[in-house]
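Counting starts at 1 for both ligands and their atoms, following the listed order. Sequential numbering from 1 along the given sequence is applied to the chain's residues.
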Amino acid sequence: MNRKSCFAAVMILAGVMGFVQTATAQAKLSVHWEELTGPDFVKAIQQAQGTCILPIGILEKHGPHMPIGSDLLNARYVALHAADQQYAVVFPEYYFGQIAEARQEPGTVSYSRELQLALMQATTDEMGRNGCRKILIVNGHGGNNHLLPYFAQTQLEKPHDYVVYVFDQRVPPSGGPAKKTTNDQHAGESETSKMLIVRPDLVHMDRAKNESGDDQHRLNLPEGVYTGIWWYARFPDHYAGDGSVANKELGEYQVKWWVDAVSKALAAIKADDESLRLQREFFERSAHPLDTPQ
Ligand SMILES: [Zn+2]
């Protein structure tokens with residue numbers, strides 16, 4: 001190739017790359033519900049195949065060293081990155097879950113059970129009305145562990161045209177860097193490590209030992225007996241574990257695992273046409289149970 005034709009080839013290549021870049025920029029839709037324009041929202045729902053995420057957290061103390069909004073900060077980080085890998089529309093900040101057990105601590109916002117359920121139902125109904133046929137709730141808060149399956153289960157109460165799925169794992173079942181603590185729950189080693197990746201500027205490692213997150217063992221009840229005060233009995237400072245041993249290596253491993261797990265869940269949910277079909281059949285039959293084949 002002579003110099004002239006070489007120059008021409010470079011210019012053509014640059015032009016093609018520029019075109020590809022512009023086209024990608026135009027096609028790339030935000031995963032943030034609140035950042036989309038109205039016309040782009042329609043495209044986003046199509047691109048997501050009607051799959052939306054509702055990340056849920058809470059406002060509660062996180063030991064002496066982590067921010068009150070930790071759970072939602074973590075859950076949103078994961079949901080947004082998973083949606084980047086496997087496109088979905090992510091609903092804005094939602095803090096309205098169950099946290100009666102930390103009402104004694106500063107900064108806790110604890111809504112009534114009626115409001116928690118009503119607001120969540122209204123939210124998923126509104127998401128459904130806006131084309132979200134499949135709604136994945138990504139939970140960042142341990143206190144929601146009972147609320148969310150109950151919410152998902154009671155979706156069978158009356159007919160609607162969307163499915164609620166719940167992803168409620170925050171720690172990989174196995175693998176990764178060895179952990180230093182066995183009591184690793186609220187604001188402990190794992191959660192603090194994740195926050196060191198998500199928002200390191202908000203973690204005060206030097207204060208992690210200012211309170212104890214040790215189990216106080218103040219109740220003596222047989223296994224199988226549940227009572228609401230159990231958490232306060234064991235962890236009165238709303239701290240369960242030891243955040244001082246947190247490290248970025250563990251945080252990186254756990255955050256990556258969480259993002260991958262949610263991304264895989266999104267792929268499976270997009271491919272799942274059975275849940276919606278079976279729900280429709282179920283609602284149809286529920287309207288007149290005497291006609292259900294016996
Ligand atoms: Zn938390």
Checklist entry - Does NZ or CZ of Arg218 lie under 6.0 Å from the centre of the six-membered ring of Tyr232, at an angle within 45° of the ring axis? => result yes

Next on the checklist: I'd like to check Glu101 versus Glu60 (side-chain heavy atoms, cut-off strictly below 4.5 Å). Are they in contact?
Outcome noted: no

Next on the checklist: Is there a ring-ring contact (aromatic ring centres under 6.0 Å, His included) between Phe41 and Trp33? Walk through the geometry before answering.
Outcome noted: CA-CA 7 Å; Phe41 186 85; Trp33 180 299; 4.8 Å; yes

Next on the checklist: Are there over 12 heavy-atom neighbours, none belonging to Gln153, within less than 6.0 Å of that residue's CD?
Outcome noted: no

Next on the checklist: Would Asp125 and Arg129 count as a salt bridge (charged side-chain N to carboxylate O under 4.0 Å, His left out) here? Give the steps.
Outcome noted: CA-CA 6 Å; Asp125 284 352; Arg129 197 174 64 78; over 6 Å; no

Checklist entry - Are the side chains of Leu266 and Tyr87 in touch, meaning some heavy atoms are under 4.5 Å apart? => result no

Next on the checklist: With 2.8 Å as the threshold, which protein atoms of type N, O or S lie near the Zn ion (ligand 1)? Leave waters out.
Outcome noted: His62 NE2, Asp71 OD1, Glu191 OE2

